[in-house]
Structures are given as C-alpha cells and as structure tokens.
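The sequence lines fix the lettering, A, B, ..., with proteins before strands; numbering per chain opens at 1.
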Protein chains: 2
Amino acid sequence: MPLGRPRSFDIDEALDRAMEVFWRLGYEGTSIPELTKAMGINRPSLYAAFGNKESLFRKALDRYAAGPAGYVREALDRPTARAVAEQLLAGAIELMTTPGNPKGCLVVQGALACGEAADSIRQELVSRRAAIVDNLQSRFERAKRDGDLSADVDCADLARYVATVIHGLTVQAAGSASREQLQRVADMAMRAWPA
Amino acid sequence: MPLGRPRSFDIDEALDRAMEVFWRLGYEGTSIPELTKAMGINRPSLYAAFGNKESLFRKALDRYAAGPAGYVREALDRPTARAVAEQLLAGAIELMTTPGNPKGCLVVQGALACGEAADSIRQELVSRRAAIVDNLQSRFERAKRDGDLSADVDCADLARYVATVIHGLTVQAAGSASREQLQRVADMAMRAWPA
DNA sequence: TGACTTGTGTACCGGAGAGTACAATAGGTT
DNA sequence: AACCTATTGTACTCTCCGGTACACAAGTCA
C-alpha cells in the first residue's frame, strides 16, 4: 500500500469513462467538466492522476488500442491474408455498431480536422492510422511468402485499400448506418480481393 | 446600388475564405478571429453579412457543394453507372489532393464527432452525406432500367459502398496520402464492381 | 500519539470563446 | 447643402475553457 491518502476511485475505470467521452465527442468537443462528470471525480483528481487533457487523451488512446480496438491485433494473427482482411472488417463493424459504444472509431474521429491547439493530437492519430497500415502491409508481405497471396499484388496498396474501407465504414457508422448495412458494404469490398 | 454605406469587401470572396478555413480546421476547430483574419474583415462585418458562426458555416457548406464539390453532380450525369462511380472517385481524389486545398472533404471532417454545441452542424453533415448516397442509389436504379447495371444488384448497397470508399479516401487524404496512392486505392475499389 | 505524504473539494486564475453596443464613416436621396 | 441608411472599427459583454492554490481529509510510518 503506497503512502498517503488512498485514491478514492478506480483509475482504470475512470480512464475507461474518459475514453468513452473522447470517443463520442472527439478531442476538441470534449471539455474537462464533461470528463469529470463521466469519470465521477473532481477536476484536481483528474489532473493529479492523468496530467492534463492531452496526456489523458493519449492514455485513453492506449487503452482504446488495448481494449476495444484489440481486434486489430487479433485479426493480424489470422492464417491467411484474406482472413485477416475479413476479420479486420468484421471486428471494426462489430466495434462501431455495438449498442452503447459511440458510433465510429476513436482513432478516426478523435481529431480529423481541428484547430492549432489540438494539432499534435491530430498528428498522433495520423501516425497511429499509418502504423496500422504498415502492420497490415507487413502481414500481407508475409502472406505472399506463405503463398496465400499472389506474387503480383502490391501489398502497400492492398493494405491501404483495406484501411480505406474501414475508415469509410467509420464515417458510415457515424451516420448511424446499421450493422447489416455495413456488413454488406464490407462483403462488397472483399469482392475486390486479388484472385 | 442599395442604400447606405457600401460593403467594402466582396461577399463571395469572403465566403470562399471562410469555407477554406472551416474545411481545414473543422467547425469546432475554427474560431471567429481565425475567420475574420482569413476573410480580411472585422468581427461585426462578419456578423452583419453572414449571421452567426453556425449560419456562416451553412453558407460555406452550400458554397462548397456548388463549387469544389460540384464534381458530384457532374459525375451523376455520366452515361453508365460504372462511369459515375469512377468519375466520383476521381473527382474526390482530385479535390482532396489539389495543392492549396485542405486535405480531405468538408462534409466529412467539418464535424464528425463534436460537442453538444456543434451537434446540429454534425447532423446537417450526416444528412448531406446521406443525401449523396440517396442520389447515387437513384442513379444506379436508373442505370438498372437503362440496362447498364445488372438486375440482381442492390443499388442501395452499391451506393453505400461507393460512398464508403470516398469517405475512406478522405481519411487517407487527411493523413497526407498522395494522389497516386489514392488513385490506386480507387482502382482497387472498382474491382469490386458487379459484373 | 504525533509527523509525513498523498488525494480531495472549493474556489479561484488568466485567457479565449462567441456575440454585440455604439459612435464614426461613406455612400445615395432629396 | 442636410438627411437617411447601412457598414465599419473599437471596445466591450458574458460565458466557458484549461489549469491550479490551498486548506482539509485519510491513510502510513516512527
């Protein structure tokens, strides 16, 4: 037990609440009072536990990657390139249309276009999205070596295509498209899969 | 010539500047001082000419639809469904990657996720995006009657698929993807086109 | 029992946000 | 000329933002 007065709230649970708010309202759209209300704590507790707003957002982002967006890592473990893509699409759709979840993806709508104050957050999200494309490309290159992806496929393009569809689905979800609608779009997208 | 002191600036040019700022920074990320600076006018002139921030945004949105996003209407006039889709993708890519233009699409990144104050703007963008999907669906249904689209195609799904790809391209563009990269993604997306 | 350390709650700070009052100005109208 | 009307620039309002000072509470350690 550490010294001093014990914290009166569960720090991970509070972080989950903060993540949910950022996810729903975006970085700029989220105010500190909105966060403290959702987290059930007071302002100074927030700052003591998580630093400032930007630092809290980054922590929420890590938690998002490890939790709700964990399907990405899982999908990469699928045996074939095609299964990876299918699982990625299915996971994204499930995440974005699960009742109670904000509609869309934190990494996309957290800060797509924003003012100067939030620009470093925007850049962070840009590079996180790029990292996913990179991982996907690597996975597809492995698939090529494994022989389950044709040798004349451009893995970078294919990775970017899959990412593009997922990001597009995010926008559709933000407009309240149903799970079934999104799944049909994903099925159609897979028809472009290289022979 | 109307009565009173004449306006010292061109109202359409000022609106163009405002549109560009909203396009680059999003609705929430744009402040009035940022707008007045770009428009070259003072605060009260802005309010006198355009109402409040929300009203200015809506006017900028209309101007966007008539100007930079005019390629949508043009694309719908193409002779075949496939040509419509191809033109739509090409137009979007050109718009989003033209040097000097903000990277992305105002209708997507203007307010994807936001606080309560901007929610009516978010809804406006949602319904504008939905309207485009509707138009596209209608166009595809006409194509079916024209015989250039197979009878067993679901036009609603196809329209949503094309919109999804475009919105995904928007996110890619916001991450500084090049025109060539986006075009290759678009080409790949068209491989899903129904036979 | 103290001293010590850390979290909590209230109340505050400086600054920036959107929106406006008002006097001065620049034109047309009579 | 005098008058009327609409725009302009300065300076202001009020509210909310992110962030913090400070006194107090709740624990551990000697």
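- Relative to the side chain of B:Leu3, the nucleotides D:dG19, C:dA26, D:dT5 differ in distance, and D:dT5 lies closest.
- With rounding to whole Å, A:Leu46 atom CG is found 12 Å from D:dT20 atom P.
- Using a cut-off of 4.0 Å between Lys/Arg side-chain N and Asp/Glu carboxylate O, B:Glu141 and B:Arg145 are scored as not salt-bridged.
- Under the 4.0 Å criterion applied to side-chain N and carboxylate O atoms, A:Arg58 and A:Asp62 are not assigned as salt-bridge partners.
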- Message: Evaluate B:Trp23 against B:Phe57 for ring pair (Phe, Tyr, Trp, His ring centres under 6.0 Å), listing each step before the verdict.
- Response: CA-CA 10 Å; B:Trp23 189 359; B:Phe57 182 85; over 10 Å; no
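- Judged as a salt bridge (Lys or Arg N to Asp or Glu O under 4.0 Å), and not counting sequence neighbours, B:Asp187 has no contacts.
- Whole-Å rounding puts the A:Leu35 CG to D:dC17 C1' distance at 12 Å.
- In this structure, B:Phe50 places its CZ atom 16 Å from C1' of C:dG19, rounding to the nearest Å.
- Distances were taken from every side-chain heavy atom of B:Phe9 (C-beta onward) to each of D:dG18, C:dG28, D:dT8; the shortest belongs to D:dT8.
- In this structure, A:Tyr47 places its OH atom 11 Å from P of D:dC17, rounding to the nearest Å.
- At whole-Å resolution of the value, CE in B:Met39 and P in D:dT8 are 11 Å apart.
- Ion pair B:Asp134/B:Arg160 not flagged as a salt bridge, since none of the NZ, NE, NH1 or NH2 atoms sits closer than 4.0 Å to an Asp/Glu carboxylate oxygen.
- Of the N and O atoms on the side chains of A:Ser120 and A:Glu54, at least one donor lies less than 3.5 Å from an acceptor on the other residue.
- For the side-chain contact (heavy atoms from CB on, under 4.5 Å) criterion with B:Phe22, the lone passing option out of B:Arg17, B:Glu34, B:Lys53 is B:Lys53.
- When the nucleotides D:dA26, C:dA18, D:dG18 are ranked by their closest atom to the side chain of A:Pro6, D:dA26 comes out on top.
- Taking the centre and axis of the six-membered ring of A:Tyr71, the NZ or CZ atom of A:Arg73 falls outside the cone set by 45° and 6.0 Å.
- Atom pair B:Ile11:CD1 and D:dT8:P shows a separation of 9 Å (rounding to whole Å applied).
- We find that A:Arg82 and A:Asp148 are not joined by a salt bridge, their nearest charged nitrogen and carboxylate oxygen being 4.0 Å or further apart.
- The shortest distance between the side-chain N/O atoms of A:Asn52 and the OP1/OP2 oxygens of D:dG18 is not below 4.0 Å.
- Using a 4.0 Å cutoff on non-hydrogen atoms, the parts of residues 21-32 of chain A near DNA chain D are A:Thr30, A:Ser31, A:Ile32, ordered by number.
- Protein atom NZ of B:Lys53 is 8 Å distant from nucleotide atom C1' of C:dG17, rounded to whole Å.
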Return the polar atom pairs (N/O with N/O) between nucleotides 9-12 of chain D and the protein under 3.5 Å, or none.
unit_1, atom_1, unit_2, atom_2, d
D:dG9, OP2, B:Asn42, OD1, 2.2

